[in-house]
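What you see is a predicted model, and the numbers here were worked out from it, not measured in a lab.
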Amino acid sequence: MTRKLGFGLMRLPLLDKNKADSIDLEQVKEMVDVFLDKGFTYFDTAWMYCGFNSENATKEVLVERYPRDRYTLATKLNASFFHTLEDRDKIFNEQRKKTGVEYFDYYLLHGIEAESYTKFEKLDCFRWLQEKKEQGLVKNIGFSFHDSAELLDEILTKHPEMEFVQLQINYLDWESQWIQSRKCYEVAVKHQVPVIVMEPVKGGTLASLPEEAEKLFKEREPEMSISSWAIRFAASLDNVMMVLSGMSNMEQIIDNTSYMEDFKPLKEEEKELVFRAAQMVNGQIAVSCTGCSYCTEGCPKHIAIPQYFSLYNENMREKLEEKGWTINYSNYEVLTKDFGRAKDCIACGQCEKACPQHLPIVEELKKVSAHFDRA
């Protein structure tokens, strides 16, 4: 039986935290070895992950070190990086070269939302993807999705040839009016299309919870990690075939594989516990950023948007009226030595177009600036 945990090659350990492409290859090799030794096989990468270096790293840490039948590899075509029919093949062929594989087990049209869907249709990408499968260059075809359940229903109705869909599903976004995890999942069930889950821990948000939420989980299962509840919630859904986790250190590999080796779905009372925790967490998040960093590619002011939102969220959870100062003020100043400040934003809006969470980034940066850019 295929194990439901996949290794997302998006948040890999770095040699320099300020350089997205400086992947710590030796550490990742060790992580890959443990992951495979535990019986897990699914790896997920993409063209722009880790400063466009994730696919190259995949070749070095996985493809050149293991026979082809030991692993399952997925990658994606993102609408931001092709503009002609010819571009599709240029990227696809370059991806085969970068990863070193003859074929991809899973290939996705990446991050579909209303605007990019128009482009994928205009440039005939769904039929193109079918052709890649017919040629034996792709085994399974599908797409990842960041929009409304209504649009998802429209796409799956028009394209029944799609064999799977990758959705953002976690217990925090289950009833979100923006992400619509539950509604999108139900659309996939209606069309009998299997689901691959991304962002089950919401970029690490669900690995570190408010004290009262952590207490709920620790009283129930003292030995289980906080993040395990998020991954097990997603994996417990019947129509989910795989849950991706963007693991960035060996500790996460060991923890995730420990409870997913012999996975047991959550019981009903455990699901109720999860939703109680969601209510507690939702009340304390200032900016619902997952840290995917799609927004930073091409930022004219080179602003470290996800990092700034993370620091801001941490400070918003602190009792600042009592402390007056936190280490996050210093962390912000350190980051500004290599990146633009929040106040440098020129409101060009390219970040908001790229954001899978549909966040009002420009407005949120104003709040971050008011908080950290003290004259």
*Asks:* With a 3.5 Å distance limit and no angle check, can you tell me whether R3 reaches the backbone of K38 through a side-chain donor-acceptor pair?
*Replies:*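 It does hold such a pair.
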*Asks:* So K133 and E163, salt bridge (charged side-chain N to carboxylate O under 4.0 Å, His left out) or not? Walk me through it.
*Replies:* CA-CA 11 Å; K133 181 176 180 180; E163 298 170 310; 2.2 Å; yes
*Asks:* Just checking, is any N or O donor in the side chain of H159 or E121 under 3.5 Å from an acceptor N or O on the other one?
*Replies:*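 A donor-acceptor contact under 3.5 Å links the two side chains.
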*Asks:* Around E223, counting heavy atoms of other residues, nucleotides and ligands shown, do more than 12 lie under 6.0 Å from its CD?
*Replies:*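 Result for CD/E223: open.
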*Asks:* Go through the steps for Q95 and Y107 under the test side chain to side chain contact (heavy atoms under 4.5 Å, CB included), then give the verdict.
*Replies:* CA-CA 11 Å; Q95 288 177 307; Y107 197 88; 2.5 Å; yes
*Asks:* Where is the tightest heavy-atom contact between L25 and A57, given as atom of each residue plus distance?
*Replies:*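 Of all heavy-atom pairs spanning L25 and A57, the closest is CD2-CB, 3.7 Å.
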*Asks:* Short question: side chain of K4, backbone of A235 - any donor-acceptor pair under 3.5 Å?
*Replies:*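 Checking the backbone N and O of A235 against the side chain of K4, a donor-acceptor pair under 3.5 Å is found.
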*Asks:* What I'd like to find out is whether the side chain of F35 reaches to under 4.5 Å of the side chain of D33, using heavy atoms alone.
*Replies:*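 With C-beta onward as the side chain, the pair stays apart.
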*Asks:* When you measure from the side chain of T290 to the backbone of K202, do you find a donor-acceptor pair of N or O atoms at a distance under 3.5 Å?
*Replies:*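 No, T290 side chain to K202 backbone: no donor-acceptor pair under 3.5 Å.
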*Asks:* Does CD in E64 sit with more than 12 non-hydrogen atoms of other residues, nucleotides or ligands closer than 6.0 Å?
*Replies:*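 Result for CD/E64: enclosed.
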*Asks:* Ignoring hydrogens and angles, tell me if any N or O in the side chain of D373 forms a donor-acceptor pair with the backbone of K343 under 3.5 Å.
*Replies:*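 Flag set: sc D373 to bb K343 pair under 3.5 Å.
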*Asks:* Is it possible for you to say whether L109 and Y103 belong to one hydrophobic cluster, with membership spreading through side-chain heavy-atom contacts below 4.5 Å?
*Replies:*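 No, no single cluster joins them.
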*Asks:* Using a 3.5 Å distance criterion without hydrogens, assess whether the side chain of T58 forms a donor-acceptor pair with backbone atoms of S54.
*Replies:*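 At least one qualifying donor-acceptor pair exists.
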*Asks:* Are the side chains of Y332 and N328 in touch, meaning some heavy atoms are under 4.5 Å apart?
*Replies:*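 No - every pair of side-chain heavy atoms lies 4.5 Å or more apart.
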*Asks:* For K97 and K59, what are the C-alpha separation, side-chain angles and deciding distance, and is it a side chain to side chain contact (heavy atoms under 4.5 Å, CB included)?
*Replies:* CA-CA 9 Å; K97 191 181 302 181; K59 181 178 182 178; 5.7 Å; no
*Asks:* Counting only heavy atoms from other residues, nucleotides and ligands, does the tally under 6.0 Å from CD of E211 exceed 12?
*Replies:*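 Incorrect, the count does not exceed 12.
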*Asks:* Once you round to the nearest 0.5 Å, how far does CG of N170 lie from OG1 of T205?
*Replies:*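 Answer for the CG-OG1 pair, N170 versus T205, is 8.5 Å.
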*Asks:* Over 60° means perpendicular and under 30° means parallel, so tell me whether H302 and F339 are parallel, tilted or perpendicular.
*Replies:*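 Correct class here is tilted.
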*Asks:* To the nearest 0.5 angstrom, please state how far the NZ atom of K267 sits from the OG atom of S236.
*Replies:*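 One gets 11.5 Å once the value is rounded to the nearest 0.5 Å.
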*Asks:* Side-chain contact, heavy-atom cut-off 4.5 Å: T336 with E333?
*Replies:*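 Counting from C-beta outward, T336 and E333 do come under 4.5 Å.
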*Asks:* Check whether D344 reaches the backbone of R341 with its side chain - one donor and one acceptor, N or O, closer than 3.5 Å.
*Replies:*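 Pair found, side chain donor or acceptor close to backbone of R341.
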*Asks:* Checking side-chain polar atoms at under 3.5 Å, does H358 have a donor or acceptor matched by the opposite partner on D147?
*Replies:*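 Distance-only check fails for H358 and D147.
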*Asks:* Show every salt bridge (charged side-chain N to carboxylate O under 4.0 Å, His left out) that has at least one partner inside residues 348-364, sequence neighbours left out.
*Replies:*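 Sorted result for residues 348-364: E363-K366, E364-K367.
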*Asks:* Would you confirm whether N78, through its side chain, and F81, through its main-chain N or O, come within 3.5 Å as a donor-acceptor pair?
*Replies:*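 Flag not set: sc N78 to bb F81 has no pair under 3.5 Å.
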*Asks:* So E186 and K183, salt bridge (charged side-chain N to carboxylate O under 4.0 Å, His left out) or not? Walk me through it.
*Replies:* CA-CA 5 Å; E186 289 173 352; K183 289 181 179 179; over 6 Å; no
*Asks:* Got K190 and L156 here, is their nearest side-chain heavy-atom distance under 4.5 Å?
*Replies:*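 Result no, sub-4.5 Å side-chain heavy-atom pair not found.
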*Asks:* When the aromatic ring centroids of Y42 and Y106 are compared, is their separation below 6.0 Å?
*Replies:*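 They qualify: ring centres under 6.0 Å apart.
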*Asks:* Calculate, to the nearest 0.5 Å, the distance between atoms CG and OG belonging to L359 and S288 respectively.
*Replies:*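 Between L359 CG and S288 OG, I get 6.5 Å after rounding to 0.5 Å.
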*Asks:* Looking at N256, D255, T257, which one forms a side chain to side chain donor-acceptor pair (under 3.5 Å) with Y259?
*Replies:*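 By the side chain to side chain donor-acceptor pair (under 3.5 Å) criterion, Y259 pairs with just one of N256, D255, T257: N256.
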*Asks:* Between W229 and L206, is there a side-chain heavy-atom distance shorter than 4.5 Å?
*Replies:*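 No, too far: nothing below the 4.5 Å cut-off.
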*Asks:* N93 side chain to D89 main-chain N or O, any donor-acceptor pair under 3.5 Å?
*Replies:*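 Looks like yes, one N/O pair under 3.5 Å.
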*Asks:* Drop me the distance from F120's CZ to F82's CZ, to the nearest 0.5 angstrom.
*Replies:*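 Reported to 0.5 Å precision, the distance equals 5.0 Å.
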*Asks:* To the nearest 0.5 Å, what is the distance between OG (S293) and CD1 (I305)?
*Replies:*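 It comes to 9.0 Å.
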*Asks:* Taking the side chain as everything from C-beta on, heavy atoms only, tell me whether F43 gets closer than 4.5 Å to V63.
*Replies:*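 No; the side chains remain at least 4.5 Å from each other.
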*Asks:* Taking the side chain as every heavy atom from C-beta outward, state whether Q357 and I179 have any pair of such atoms under 4.5 Å apart.
*Replies:*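 Answer yes - side chains close enough.
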*Asks:* Using the ring of each side chain (for Trp, its six-membered ring), is F233 parallel, tilted or perpendicular to W174, with breaks at 30° and 60°?
*Replies:*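 Correct class here is perpendicular.
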*Asks:* Taking all non-hydrogen atoms of both residues into account, name the closest pair between C289 and G291 and its distance.
*Replies:*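 Here C289 and G291 meet closest at SG-N, 3.2 Å.
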*Asks:* Where the side chain of S310 meets the backbone of Q307, is there a donor-acceptor pair that is under 3.5 Å apart?
*Replies:*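 Absent.
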*Asks:* What do you reckon, is CD of E261 surrounded by more than 12 foreign heavy atoms closer than 6.0 Å?
*Replies:*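 Yes.
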*Asks:* Check the orientation of F145 and F143. Use parallel for under 30°, tilted for 30 to 60°, and perpendicular for over 60°.
*Replies:*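 Rings of F145 and F143: perpendicular, as their planes differ by over 60°.
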*Asks:* Considering non-hydrogen atoms only, spot the tightest contact between E214 and L209 and give its length.
*Replies:*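 Of all heavy-atom pairs spanning E214 and L209, the closest is OE2-N, 3.2 Å.
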*Asks:* Can K98 be said to sit on top of F52's aromatic six-ring, NZ or CZ under 6.0 Å from centre and within 45° of the ring axis?
*Replies:*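 Geometry flag: not set, cation outside 6.0 Å or 45°.
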*Asks:* For a quick check under 3.5 Å, do Q252 and S245 share a side-chain donor-acceptor pair by atom type?
*Replies:*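 Their side chains do not contain a donor-acceptor pair, so the 3.5 Å distance test is not met.
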*Asks:* Would you indicate whether the side-chain heavy atoms of I141 and M162 approach each other to under 4.5 Å?
*Replies:*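 Heavy-atom side-chain distance check passes, below 4.5 Å.
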*Asks:* Listing request: all salt bridge (charged side-chain N to carboxylate O under 4.0 Å, His left out) pairs with a residue in residues 41-50, at least two apart in sequence or in separate chains.
*Replies:*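 Sorted result for residues 41-50: D44-K76.
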*Asks:* Which atom names give the shortest non-hydrogen contact between C295 and Q350, and what distance separates them?
*Replies:*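 Closest heavy-atom pair between C295 and Q350: O-NE2, 2.9 Å.
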*Asks:* If you measure from CE on M198 to CD1 on I169, what distance do you get to the nearest 0.5 Å?
*Replies:*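 M198 CE to I169 CD1: 9.0 Å, rounded to 0.5 Å.
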*Asks:* Taking all heavy atoms of V287 and all of F309, pick out the closest pair and write down the distance.
*Replies:*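 The answer is CG1-CD1, 3.7 Å.
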*Asks:* Dump the intermediate steps for side chain to side chain contact (heavy atoms under 4.5 Å, CB included) on Y312 and F372, then the final yes or no.
*Replies:* CA-CA 8 Å; Y312 182 66; F372 287 115; 4.1 Å; yes
*Asks:* Tell me if the CD atom of E150 is crowded by more than 12 foreign heavy atoms within 6.0 Å.
*Replies:*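 No, not enclosed.
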*Asks:* Within 45° of the ring axis of Y71 and under 6.0 Å from its six-membered ring centre, is that where the NZ or CZ of R65 lies?
*Replies:*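 Not flagged: R65 not positioned over aromatic ring of Y71.
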*Asks:* Please say whether more than 12 non-hydrogen atoms of neighbouring residues, nucleotides or ligands are located less than 6.0 Å from CZ in R276.
*Replies:*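 No - once you tally the heavy atoms of other residues, nucleotides and ligands closer than 6.0 Å, there are 12 at most.
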*Asks:* Would you say that more than 12 heavy atoms from the other residues, nucleotides or ligands in this model lie under 6.0 Å from the NZ of K271, or not?
*Replies:*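 Yes, enclosed.
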*Asks:* Tell me, with the steps shown, if V243 and R232 meet side chain to side chain contact (heavy atoms under 4.5 Å, CB included).
*Replies:* CA-CA 9 Å; V243 178; R232 289 185 296 139; over 6 Å; no
*Asks:* Hydrophobic clustering (ILVMFWY, side-chain heavy atoms < 4.5 Å, transitive) - are Y185 and I231 grouped together?
*Replies:*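 Shared cluster, yes.
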*Asks:* Do any N or O atoms from the side chain of R88 and from the backbone of L123 form a donor-acceptor pair under 3.5 angstrom?
*Replies:*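 Yes.
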*Asks:* Would you name the heavy atoms of H110 and A46 that are closest together and state the gap between them?
*Replies:*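 Looks like CE1-CB, 3.9 Å.
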